[in-house]
Amino acid sequence: MTQAPGTLPESWRVQLPVFEGPLDLLLQLVRVNKVEIAQIEVAVICDQFHEYLELMEEMNLDIAAEYIYEAAMLIHLKSKMLLPRPRTEDGEPAEDPREELVKRLLEYRRLKDASHSLAEIHSMRVGVWTRRPQPMPNAEQPEALELDEVSLFDLLQAFREVLVRYDHDHPEPYLMSRETFSVREQFERLLKELEGGKPFDLLADLGQRRSRGEIVAAFLAVLEAARMHLIRLHQSEGGELVLYRTTKELQRHELEAVQV
Amino acid sequence: MTERADMEAAFEAVLFVASEPLKREKLIELFDQSEAEEAGAALDAVLERYRAQADRGISAEEVAGGVRIVTRPELHGYLRRFYEITGRSKLSMAALETLAIVAYRQPITGPEIHELRGVQPSGVLKTLLDKRLIKISGRRQVVGKPFVYRTTREFLMHFGLQDLKDLPPLEEFEETFGSEPDRQLSLDTAGS
Amino acid sequence: MTERADMEAAFEAVLFVASEPLKREKLIELFDQSEAEEAGAALDAVLERYRAQADRGISAEEVAGGVRIVTRPELHGYLRRFYEITGRSKLSMAALETLAIVAYRQPITGPEIHELRGVQPSGVLKTLLDKRLIKISGRRQVVGKPFVYRTTREFLMHFGLQDLKDLPPLEEFEETFGSEPDRQLSLDTAGS
């Protein structure tokens, strides 16, 4: 039995209804065709299901994987329905291929109806207010949970909370040194580079720093060292800024005075 | 020996202050064991008085295995206006369907819910867990060890139920599979 | 036009929900300005009714710029006793966090828990020991020889776990619930 296109309600073309998933759509198709679930005509429903997906495509809506999966199931079922049904060993006809689908739809409809009753109760019950918790003498903190009600979810949320707070209070030292650069570190690096009286091209060195923060720290370190007369600055004819180490010894208290 | 009037006053005060349902036994424990019967009667008298005052702002209800004082639902609008609360917890249809599945088929796992609704339930489950309407109550010892879900005491409180037996009954459909001869079936046999 | 009985009910409900004194003017603003006088009288009637019921558990009082419903001071003892009874079955957030640390990092010592939570844990550990959710399983052979804590069998039973291997790792949680947000379809549009 082939079904002419356009068997979906005309209004669907104007405004595509939104379903809570493929089963919800199937249920609606059963309703549109005015048949009982148990009497579902797979070929018709299958075609209409695809028609709906095509409409979704036309409207550039994303089709969730679940719909595609269910569509494939329907095609499979439709082909099974066309084949003669095998017989079991006793000579009885084998199970109707639709049986599982019918069962799922009946169960889904039953639960969907129940969800409508819950929705009704919900909308009435949101109007019920209790007293706002207040600090009580000798009572536990208001956010305390009834022990019976504490579940794995709460345990995990609590653990996550601890870890997040811990990380916040103890930022990793590696990140620290990358983000805020210590002038003293740069200062020490600078003096080390100048050991042995090698000429040192300041601009070239600054160009090798990895971030603006590090450049600033390195430059401040140069100014510090110059102030302490540990280095001398020279500008070459080519415009390079060259540093030399002086003979002055670095005093421990001087190093400690440099900003970390 | 406690005066009956004092008992009623004590229950009223304790119930008034509480923001969640209190178990009858716990309330009655406030008094000496020898007075338990009298205390029970006093508690009933208080509850009855609250329930009887139909035109008042507050009333008593029995939910989740306990008793509590709550406002009448009709006054929601005033409370919302006064406390400037907009949009109190709306539940999406997806959340309600999933909640119904957990409520009626608990204990149930994520994959089972997926099978029943035809939709991946993780986002909705998270919403329901956050609202404390459902909880994880362990794992099923099958492949993948999925979490097992149940409804909570909060669920009972919110829906005004004493226990799960109070859920509206599921509709039993008369449709049984294959009860009527069916066109398509006969087509198949004709072709064989 | 609001009925006088509705006004009284609304005031009663609003006063019940609040746990702090409410200003008269703010309460009266719940109604239209043209009804202000009537509303004032309704509020007085509610307060008067509460004050008149001398043998009941609750009463009304006017304090620092506002009105509120309160429990009668004579009943303080009952309230305290009741909250001692119910407090026993509660778990504070601090206790829950400590329990989670023990669960995920066991065997663990007090000082190590201190390091993770930044708070001295001895009080909370005592609560958890009392509730039999954790136990002491020896001492660590380091300076001070601190006790080592582990979770108990009761802990596993409470959380529906077969053994500690079933405790879900953080990543599994993110995989299960982190992905899809719940589509917030509101109830009214879902039917269209």
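The chains referred to below are lettered A, B, ... by the order of the sequence lines, with proteins before strands, and numbering in each begins at 1.
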- Message: I'd like to know whether NE2 of H50(A) has more than 12 heavy-atom contacts from other residues, nucleotides or ligands below 6.0 angstrom.
- Response: yes

- Please flag which part of I69(C) lies under 4.5 Å from any non-hydrogen atom of chain A: side chain, backbone, both or neither. backbone

- Message: I'd like to check L152(A) versus L161(C) (side-chain heavy atoms, cut-off strictly below 4.5 Å). Are they in contact?
- Response: yes

- Item | Other residues, nucleotides, ligands: >12 heavy atoms within 6.0 Å of E37(C) CD | no

- Message: Please classify the contact of A18(C) with chain A as side chain, backbone, both or neither, using a heavy-atom distance under 4.5 Å.
- Response: backbone

- Message: With ring pair (Phe, Tyr, Trp, His ring centres under 6.0 Å) as the rule and sequence neighbours excluded, what pairs involving residues 86-107 of chain C come up?
- Response: F159(A)-Y104(C)

- Value for CD (E97(C)) from CZ (R160(A)), rounded to nearest 0.5 Å, stands at 13.0 Å

- Task: Decide side chain to side chain contact (heavy atoms under 4.5 Å, CB included) for L91(C) and D154(A); before the verdict, give the C-alpha distance in whole Å, the side-chain angles of both, and the deciding distance to 0.1 Å.
- Result: CA-CA 11 Å; L91(C) 205 59; D154(A) 303 301; over 6 Å; no

- Top contributor to chain A interface from L116(C), L167(C), L133(C) [non-hydrogen pairs under 4.5 Å]: L116(C)

- In terms of heavy-atom contacts, does CG of D169(A) have more than 12 from other residues, nucleotides or ligands at under 6.0 Å? yes

- Message: If the condition is ring-ring contact (aromatic ring centres under 6.0 Å, His included), which residues does Y78(C) pass it with, not counting sequence neighbours?
- Response: F31(B)

- Using ring-ring contact (aromatic ring centres under 6.0 Å, His included) as the criterion, list what pairs up with Y166(A), not counting sequence neighbours. H170(A)

- Message: Tell me whether the count of non-hydrogen atoms from other residues, nucleotides or ligands lying under 6.0 Å of CD in E100(A) goes above 12.
- Response: no

- Message: With chain A as the partner, which of E20(C), K131(C), R105(C) has the greatest number of non-hydrogen pairs under 4.5 Å?
- Response: R105(C)

- Query: Sub-3.5 Å donor-acceptor pair from the side chain of R131(A) to the main-chain atoms of F16(C), do we have one?
  - Reply: yes

- Query: Hey, what do you get for OG1 (T127(C)) to CG (L147(A)), rounding to the nearest 0.5 Å?
  - Reply: 11.5 Å

- Query: By number, which residues in residues 134-160 of chain C have some heavy atom less than 4.5 Å away from chain A?
  - Reply: F155(C), H158(C), F159(C)

